[in-house]
Amino acid sequence: MSEAITYELLHIDKNSGARRGVVHTPHGDIQTPIFMPVGTQATVKSMTPEELKNDVKAQIILANTYHLYLRPGHKLVEEAGGLHKFMNWDKPILTDSGGFQVFSLSKLRKISEEGILFNSHHDGSKHMFTPEKVMEIEEALGADIIMSFDECCPYPSTYEYTKKSMERTTRWAKRCKTAHTTSNQGLFGIIQGGFYKDLRKISAEDLISLDFPGYAIGGISVGEPKKEFLDILRYTTPLMPENKPRYLMGVGTPDYLIESALAGIDMCDCVLPTRLARHGTALTSKGKLVIRNANYERDFGKLDEECDCYTCKNYSRAYIRHLVKTNEILGIRLLSLHNLRFLTRLMENVRDAIEQDNLLGFREEFYKKYGYTII
RNA sequence: GGGCAAGUGGUCGAGUGGUUAAUGGCACCAGACUGUAAAUCUGGCCGCGAGAGCGUACGAUGGUUCGAAUCCAUCCUUGCCCA
């Protein structure tokens, strides 16, 4: 049987080593490197699928196992015909396994070898997540790419704890692979090991021996300094197979996305663009712009002169600020659309730059305008 | 004309003799946000000062008291009721 998920390498940037490729999925191809919007509860907050396709130009989105298991329940989604049909999105979907919730809901869970006992953040009810249970849920949801169940360690964590956790994550990955039954979904393994290189190496090697169709780096971008992030990113990515997609989980900001592509990463996802939007901030080519700030009250210019999105084509900073200040839903929608488009467009530019062997040049130019310094 | 009630910082509204420059909410100002417990959270919000602090403040004026937004008197304003 042929793999549900395959990677095709198109070009390697001669100057940086960054890679330009295509990931083939049952619901179509995705051009890489790519930024993937997050739609935890089977919706990219405030955006319709049409807007994601036509305006944002998203090629794939994420959804979350833990959240959809709690509400509306994976059985219900299955009954609806799977996630694609349920949410009216016919392009690829990736479901995260709930591993991140082990980290973000740390006060509400207990970890054991068997799995994780969660207290629902809605009503406190107890729920046991095991690798087998997570596979059952992700298969019912029906995403193209499904993630194995892992533990995402907080920063900082001790060497001993990180090692124990990483080894358990590897055992869980094996159990996920054993429990995985569908042929139209690709199961990815997640490399852990925190900020310890030897652990990252062991994790990568062990998971590679299990032969997943794709690999992710988990457990970074959890509050560490940028230098440590880059250090682990640059160390870990080369350990990953060249003939399979490489996914960096939870990234990120424009600089992190560019650095990831430079390191050889193919896929990234992040809640940041939609969250920033809901909190009144826009991403622009000249840096973050807190649109609710008073100095934009009478600014009738675009959010970003360089942006081609629907918001920038039609609305002024002053108007968007007014919507945000008056708590109008449209403000959140226009900002979400813009921020998402900003990142998908950034990655379009990154892909073009790789094809022209110029990602390093692109980074320099982008950083200069945005206000970042190269580390 | 008579009776009753009320006037607090941008606003609404607590507070009824002593850590009260005065609880809260809203508004306003700023910051944070990275596999979404997040349209959330944090800080600021009388003036001057980096700060200790100083100076003004609870309708107005005068008084009682060691001490008043809080008690008393008069006045002003507003609302309701009666004529």
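Letters go in sequence order (proteins before strands), and every chain restarts at 1. Just so it is clear, the model here is predicted, and its values are computed rather than measured.
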Donor-acceptor pair under 3.5 Å: do we get one between R275(A)'s side chain and the base of rA38(B)? yes
May I ask you to say what H67(A) touches in the nucleic acid, namely base, sugar-phosphate or nothing, with a heavy-atom cut-off under 4.0 Å? sugar-phosphate
From rG35(B), rA30(B), rC29(B), nucleotide with atom closest to N293(A) side chain: rA30(B)
Could one point to a donor on the side chain of D150(A) or the base of rG35(B) with an acceptor on the other under 3.5 Å away? yes
Tell me what L62(A) touches on the nucleic acid: a base, only sugar-phosphate, or nothing, going by heavy atoms under 4.0 Å. sugar-phosphate
Would you classify L276(A) as touching base, sugar-phosphate or nothing, given that sugar-phosphate means primed atoms plus P, OP1 and OP2, and contacts are heavy atoms under 4.0 Å? base
Contact class for C268(A) vs. all strands (heavy atom < 4.0 Å): base, sugar-phosphate, or nothing? nothing
Spacing of L283(A) atom CG relative to rU34(B) atom C1', expressed in whole Å: 11 Å
If the P atom of rA30(B) is compared with that of rG47(B), how far apart are they to the nearest Å? 16 Å
Residue N64(A), side-chain atoms from C-beta onward, closest of rG35(B), rG31(B), rU36(B): rU36(B)
Given R363(A) and E259(A), is the salt bridge (charged side-chain N to carboxylate O under 4.0 Å, His left out) satisfied, shown in steps? CA-CA 8 Å; R363(A) 175 178 69 169; E259(A) 296 298 341; 3.1 Å; yes
Find which nucleotide of RNA chain B each of T281(A) and T274(A) is nearest to by heavy atoms, and output the residue with the more 5' nucleotide. T281(A)
Closest nucleotide among rG35(B), rC29(B), rA38(B) to the A294(A) side chain: rC29(B)
Can you tell me which residue among R171(A), K163(A), R168(A) is in a salt bridge (Lys or Arg N to Asp or Glu O under 4.0 Å) with E151(A)? R168(A)
Aromatic ring proximity F100(A)/F103(A), centre distance under 6.0 Å: yes
Any side-chain N or O of Q101(A) below 4.0 angstrom from OP1/OP2 of rA37(B)? yes
For a quick check of understanding: with a heavy-atom distance under 4.0 Å over all strands, which category does D96(A) fall into, base, sugar-phosphate or nothing? base
Contact class for L248(A) (heavy atom, under 4.0 Å): base, sugar-phosphate, or nothing? nothing
For R109(A), answer base if it contacts any base atom (sugar-phosphate contacts may also be present), sugar-phosphate if it contacts only those atoms, and nothing otherwise; contact means non-hydrogen atoms under 4.0 Å. nothing
Do Y66(A) and H74(A) have their ring centres less than 6.0 Å from each other? no
Base, sugar-phosphate alone, or nothing: which one does G331(A) contact when heavy atoms must sit under 4.0 Å apart? nothing
Pair pattern of RNA chain B in dot-bracket, where unpaired bases get dots and | marks partners in another strand, Watson-Crick or G-U under 3.5 angstrom: ((((((((.[[[..)..(.....]]].(((((.......))))).(((....)))...[[[[[..)....]]]]]))))))).
Do H279(A) and the base of rU40(B) stack face to face, with centres under 5.5 Å apart and an angle between planes under 30°? yes
